[in-house]
*Asks:* 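Please read through the structure below; I'll follow up with questions.
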2 protein chains.
Amino acid sequence: METSSSRYLADRLRAIGVPVTLQRLEIARVMLSRPVHLSAEQLLAKVRDTVPETSRATVYNTLRLFREKNLVKELIVDPERVVYDSNVEPHYHLYDVDTGELTDVAAEELHVVGVPSLPAHVELEQVDVIIRVRGKRV
Amino acid sequence: METSSSRYLADRLRAIGVPVTLQRLEIARVMLSRPVHLSAEQLLAKVRDTVPETSRATVYNTLRLFREKNLVKELIVDPERVVYDSNVEPHYHLYDVDTGELTDVAAEELHVVGVPSLPAHVELEQVDVIIRVRGKRV
DNA sequence: CTAACTGCAAACCCTTTGCAGTCCG
DNA sequence: CGGACTGCAAAGGGTTTGCAGTTAG
């Protein structure tokens, strides 16, 4: 499947009511063609490689839009920056605190047992699991 | 046990090689007398209630020091701010994304099954579980 | 023609830092 | 005395916003 073609991506955006622009198409190409973990700044750099007429504001605006449309998920693993994940299916993460590298852990591999019953007035939104690892100390 | 007396806290700081000052003692009283979740700014406000001659820089310096000494743990649940947790024992969290309220979930209640085997060059630092909830939509 | 999108730059918030003054051992 | 701690204010980095110009339907 040609998931990375402009045609496919443009249709996908239109299908969810997102007007297609050059910048959004390119942001979609970088973020949505395959599972990636990118910060806003990293995304901006990649998008500017091919579409230099892209501003920081547009990247942030588009990320917010994509998040609202459930095309990407925010990962909060580091106080320094937010990371955007193009895998919106339930899954977990392994995070190397030294390198910043993020790896997906499939929901089939890992299970959270014993989630407490919730107060009546709240509902579950999502369960985050972050397995923090670091390079071995010698 | 008088865990909140100045005497006890001062001794506790000295025991781990932290020179005792008025500000540190007060920060310790607010943070360490009982399990709390506080942001730096919230902590500053509480400390200034009793010791107004406390600067923001001192709060941040002291939080870093306390973290290095394993008196508090950083919680990364919200991109807006870091929350400090005076419960340094392994445990998990329930987070209300609407109110910002954080609740501890004891390690005995909840288990993470299936943590993947780690690459040889890294070691496990910690497993974070954040159960995100929100007020029920009507 | 109107509404929506974009770019730029400045504003904003949280956190850290430089520096001078102060205190404790 | 010397090293460490403190306060102030300014710097720093990531994110958001105001506004004017442009584009698409």
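Everything numeric here is computed off the predicted structure, so don't read it as measured data. Chain identifiers are assigned alphabetically (A, B, ...) following the order of the sequence lines, protein sequences preceding nucleic acid strands; residue numbering begins at 1 within each chain.
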*Asks:* Measure the distance from CG on B:N61 to C1' on C:dC19 and round it to the nearest whole Å.
*Replies:* 13 Å

*Asks:* Would you mind classifying the nucleic acid contact of B:Q23 as base, sugar-phosphate or nothing, using non-hydrogen atoms under 4.0 angstrom?
*Replies:* sugar-phosphate

*Asks:* Give the rounded distance in Å between these two atoms: CG of B:L44 and P of D:dC8.
*Replies:* 11 Å

*Asks:* When we call it a touch if two heavy atoms are under 4.0 Å apart, what does A:E80 touch: a base, just sugar-phosphate, or nothing?
*Replies:* sugar-phosphate

*Asks:* Indicate whether any N or O donor in one side chain lies under 3.5 Å from an N or O acceptor in the other, for B:H93 and B:D128.
*Replies:* no

*Asks:* Are any of B:Y60's side-chain N or O atoms less than 4.0 Å away from OP1 or OP2 of C:dT15?
*Replies:* yes

*Asks:* Report yes if at least one side-chain N or O of A:T21 is closer than 4.0 Å to OP1 or OP2 of C:dA4; otherwise report no.
*Replies:* no

*Asks:* Is the shortest distance from a Lys or Arg side-chain nitrogen in A:D11 or A:R14 to a carboxylate oxygen in the other one below 4.0 Å?
*Replies:* yes

*Asks:* What contact category does A:R56 fall into here, base, sugar-phosphate, or nothing, at under 4.0 angstrom with non-hydrogen atoms?
*Replies:* base

*Asks:* Which nucleotide, D:dT15, C:dT15, D:dC5, lies nearest any side-chain atom of B:R24?
*Replies:* D:dC5

*Asks:* CG of B:D78 versus C1' of D:dT15: gap in Å, rounded?
*Replies:* 13 Å

*Asks:* Report the distance from atom CD1 of B:I76 to atom C1' of C:dC14, rounded to the nearest whole Å.
*Replies:* 14 Å

*Asks:* Tell me the interatomic distance from A:F66, atom CZ, to C:dC5, atom P, rounded to whole angstroms.
*Replies:* 12 Å

*Asks:* Could you tell me if A:E26 and A:T50 have a donor-acceptor pair between their side chains, going purely by distance under 3.5 Å?
*Replies:* yes

*Asks:* Judged by atom type as modelled, is there a donor-acceptor pair below 3.5 Å linking the side chain of A:R29 to the main-chain atoms of A:V47?
*Replies:* no

*Asks:* Pick the closest DNA chain C nucleotide for A:P19 and for B:R67 by heavy atoms, then say which residue is nearer the 5' end.
*Replies:* A:P19

*Asks:* Using atom CD1 of B:I27 as one end and atom C1' of D:dC5 as the other, report the distance to the nearest whole Å.
*Replies:* 12 Å

*Asks:* B:L65 has an atom CG; how far is it from atom P of D:dC5, in whole Å?
*Replies:* 8 Å

*Asks:* The side chain of A:A57 is closest to which nucleotide in this list: C:dT15, D:dT15, C:dC8?
*Replies:* C:dC8

*Asks:* Can any side-chain N or O of B:R56 pair as donor or acceptor with the backbone N or O of B:A40 at less than 3.5 Å?
*Replies:* no

*Asks:* Figure out the CD/C1' separation between B:Q42 and C:dC13, and round it to whole Å.
*Replies:* 15 Å

*Asks:* Looking for any heavy atom pair under 4.0 Å, which part of the strands does A:T54 touch: base, sugar-phosphate only, or nothing?
*Replies:* sugar-phosphate

